[in-house]
2 protein chains.
Amino acid sequence: MPLKRHGNPSRKTYSEVNMVTIKQVSEKAGVSSATVSRVINNTGTVKEKTRELVMTAMAELGYRHNVVAASLASNKTHTIGYVVPELHGSFFGAMMGGTEQALRQAKKHMLIATGHSDAQIEKEQIDALLSRRCDALILHVEAVSDEYLVNLVHQGVELVVVNRFIEEIGDNCISLDNVKGGYLASRHLLDIGHTQIAYIAGSLFKADGKNRLTGHQQALADMGVEYTDNLTYEGNFQAKSGTEGIRALVARGAKFTAVACANDEMASGAMIALRELGRRVPEDVSVIGFDNVDFASYLSPGLTTIDYPVQKIGSMAAHWVLERVYGHTRHEYQHILSPRLILRGTTSSPE
Amino acid sequence: MPLKRHGNPSRKTYSEVNMVTIKQVSEKAGVSSATVSRVINNTGTVKEKTRELVMTAMAELGYRHNVVAASLASNKTHTIGYVVPELHGSFFGAMMGGTEQALRQAKKHMLIATGHSDAQIEKEQIDALLSRRCDALILHVEAVSDEYLVNLVHQGVELVVVNRFIEEIGDNCISLDNVKGGYLASRHLLDIGHTQIAYIAGSLFKADGKNRLTGHQQALADMGVEYTDNLTYEGNFQAKSGTEGIRALVARGAKFTAVACANDEMASGAMIALRELGRRVPEDVSVIGFDNVDFASYLSPGLTTIDYPVQKIGSMAAHWVLERVYGHTRHEYQHILSPRLILRGTTSSPE
DNA sequence: GCTTCAATTGTAAGCGCTTTCATTTTTTAT
DNA sequence: ATAAAAAATGAAAGCGCTTACAATTGAAGC
């Protein structure tokens, strides 16, 4: 006697009802279930006549492929796990958008999870995605150690790390040259005549925060301007910390005619503080951001910033996966992208 | 002879290696696989001693639960499918963030897909998510018909529609009172003395675009100001269309001292155009947006707008699912939320 | 017509887990 | 101590699909 399962007599949900199986289709079409599977997946060979028979049967029965069962049997889920620090804000969405667009065409799906820049949570999320047997992971993680990621790769986990470069698994990384970006920003300020340049850094425990600062320092060094901690404030990539940064800098008596910020949010915050203090942008103080998020151009004046080809990086991560994991050929990607300067209205030569 | 499967001798990926099964764990622990399943899922009863035995065995073997197999057997995937129009921008990410936060605590995951406001694509995505046997869907869809969604619900698909209200399945909808929001915005302008109010609408084929305009019209009517198409421009919710809107309005000779926009992006775009034309905000023209996205406060002056409790709506969608589909109790949600006015610096009384 | 080989289809063994039902063990009550 | 009830465990039948291999059919060559 067959077991009765999944019973919930009170409310029939979709999954409890209407579960037409491949078996039923095969019977209706008068073929074996293997053949039905073949037409569904377009594998093997099947005569045109048979295919039509099967298609008709599927349509008449309202068959819906059960991807879960298929995944178990084939050991492929066609699902990519994606860990991002947060979902809100303009940045991660744009990046995921780039990935999604590329994956959608290949009929892959994205299972997303947030890591909240917390090593513990990041690990749990990676674990969960692995348990769900994602074919590959795209990791935008900030707190977990390099070693941990290297280990994962050595265990055979197919993953690509974005916005972070780890030498040992460089092939699995796709990142922006943040040092160069930091350099470009400050170099621009120096080039137009500034020498007193404040710097509002991102969280320095994050690789990008650190690297952008390094770039800033290199630019100063290149131009023979001495770097001083007194002109640097460590923010946390949030707008508010930009505001606080300016206030703190001013409070400690720092003198500057320009301020470089590690991202656009903080630059916005800085601009707000500057205005509060009666300093005009860019006449009194020049401001430069980083990322070129969508709203950078909405500010007034438009924010001069460093372009982070975020969508491109997102799509490259997808291409990496498509090529490496699914064997799709001719997908192009590079491992380190270059930032570039976007001139708008918040920078000008000092008076 | 057992079949050999899943073979790819050249490169062993994670899923091909290290596949410890429940069976192996059960043997190592000297219990049946049913018992191992019980400790994993914390179901049924198992003696503390046995539990420890199993736990140890799992740890020693490095067991990882195979959620795909579990899903097939239990007919539950613990996955929620989420269709959003787009991934980029500040709006959808914030909403998904609200959902994710609530779902993460319940150990559910989100499979995301984008519909691009295209009925065909939206349907395909819904289909794909159903094939992946999501336990529930959260649909932020704009192009698909009400009827289609009603049908889905009648078929037993567990779904919640966000940002859209459909009478017949009102219980499955969580939305903002957009009419009220539109009303609030224009009413504010009227209250502070404006009577010549231009309106830059969102796409009118979308419910929210239409409803916000309706609210605007109601406010005018309430205050005895006649509505005229000449003062209305249909944009598409993108910043650029705000810019174009102002230009078009001015080009057609419309006279206005204030402009209400159907979202913050278009308001930003409008402000840019206004400045280009030498009109000061708010001295010459007041501007009000809608949504209160994160960057609204970064603009200068800060954008007066209507708050869309986006994160809250996101989390309510999650609560709906948790309660309805997973039987978690005491989850609170309401079906129609109220917008409210956020006063910042872009509106003032006409001179 | 008879081989030979390729194209097509079927058979059935899993994939790794959950869950019903039966069985065994333990506890409680008498 | 013993019966009855409760707790713990095990056996095994699926979940719906894929796929290796075998079997069949069809076409081509002689």
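Each chain gets a letter, A, B and so on, in the order the sequences are listed, and its residues count up from 1.
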List the steps and the verdict of side-chain contact (heavy atoms from CB on, under 4.5 Å) for A:Arg132 and B:Val68.
CA-CA 6 Å; A:Arg132 287 178 128 86; B:Val68 173; 5.7 Å; no
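B:Leu53 has its CG atom 13 Å from the C1' atom of D:dT9, to the nearest Å. One can place NZ of A:Lys23 at 13 Å from C1' of C:dG10, the figure rounded to the nearest angstrom. Between A:Arg133 atom CZ and C:dG16 atom C1' the separation is 9 Å, expressed in whole Å. Atom NZ in B:Lys49 sits roughly 11 Å away from atom P in C:dT26 (whole-Å rounding). Whole-Å rounding puts the A:Leu72 CG to D:dT18 P distance at 11 Å. Between the P atom of D:dT19 and the NZ atom of A:Lys76 lies a distance of 10 Å, rounded to the nearest Å. Rounded to a whole Å, the CE atom of B:Met19 is 4 Å from the P atom of C:dG16. Rounded to a whole Å, the CD atom of B:Glu52 is 12 Å from the P atom of D:dT9.
B:Val31 comes within contact range of the sugar-phosphate backbone alone, with a heavy-atom separation under 4.0 Å but no base atom that close. Within 4.0 Å of B:Val68, counting heavy atoms only, lies no atom of the nucleic acid at all.
B:Thr114 places a side-chain heavy atom less than 4.5 Å from the side chain of B:Gln125.
Between B:Ser71 and C:dC17 there is no side-chain N or O to OP1 or OP2 distance below 4.0 Å. A sub-4.0 Å separation between OP1 or OP2 of C:dT9 and a side-chain N or O of A:Thr50 is present. Side-chain N/O atoms of A:Ser37 include one lying less than 4.0 angstrom from OP1 or OP2 on D:dT18. Dashed line: the shortest gap from a side-chain N or O of A:Asn75 to OP1 or OP2 of D:dT18 is not under 4.0 Å. The phosphate of C:dC15 has neither OP1 nor OP2 within less than 4.0 Å of any side-chain N or O from B:Asn66. Under 4.0 angstrom from either OP1 or OP2 of D:dT9 there lies no side-chain N or O belonging to B:Thr35. For D:dA8, one of the phosphate oxygens OP1 or OP2 lies less than 4.0 angstrom from a side-chain nitrogen or oxygen of B:Thr45. Distances shown here put every side-chain N or O of A:Ser33 at or beyond 4.0 Å from the OP1 or OP2 atom of D:dG16. At D:dG16, none of the side-chain N or O atoms of A:Thr21 fall inside 4.0 Å of OP1 or OP2 (strictly under the cut-off).
When the shell of 6.0 Å around CD of B:Gln334 is examined, it contains more than 12 heavy atoms from other residues, nucleotides or ligands. Atom CD of A:Glu48 is surrounded by more than 12 heavy atoms from other residues, nucleotides or ligands within 6.0 Å.
The side chain of A:Ala69 has D:dC17 as its nearest neighbour among C:dT26, D:dC17, C:dC21. Relative to the side chain of B:Ala34, the nucleotides D:dT19, D:dG10, D:dG16 differ in distance, and D:dG10 lies closest.
Position along DNA chain D of the nearest nucleotide to B:Glu48 versus A:Tyr63 favours B:Glu48 as the more 5'-ward residue.
For the residue pair A:His335/A:Tyr333, the side-chain donor-acceptor check at 3.5 Å is not satisfied. Using a 3.5 Å distance cut-off with no hydrogens or angles, the side chains of A:Gln311 and B:His88 do not pair a donor with an acceptor.
Side chain B:Arg38 to base D:dG10: a donor-acceptor pair is found below 3.5 Å.
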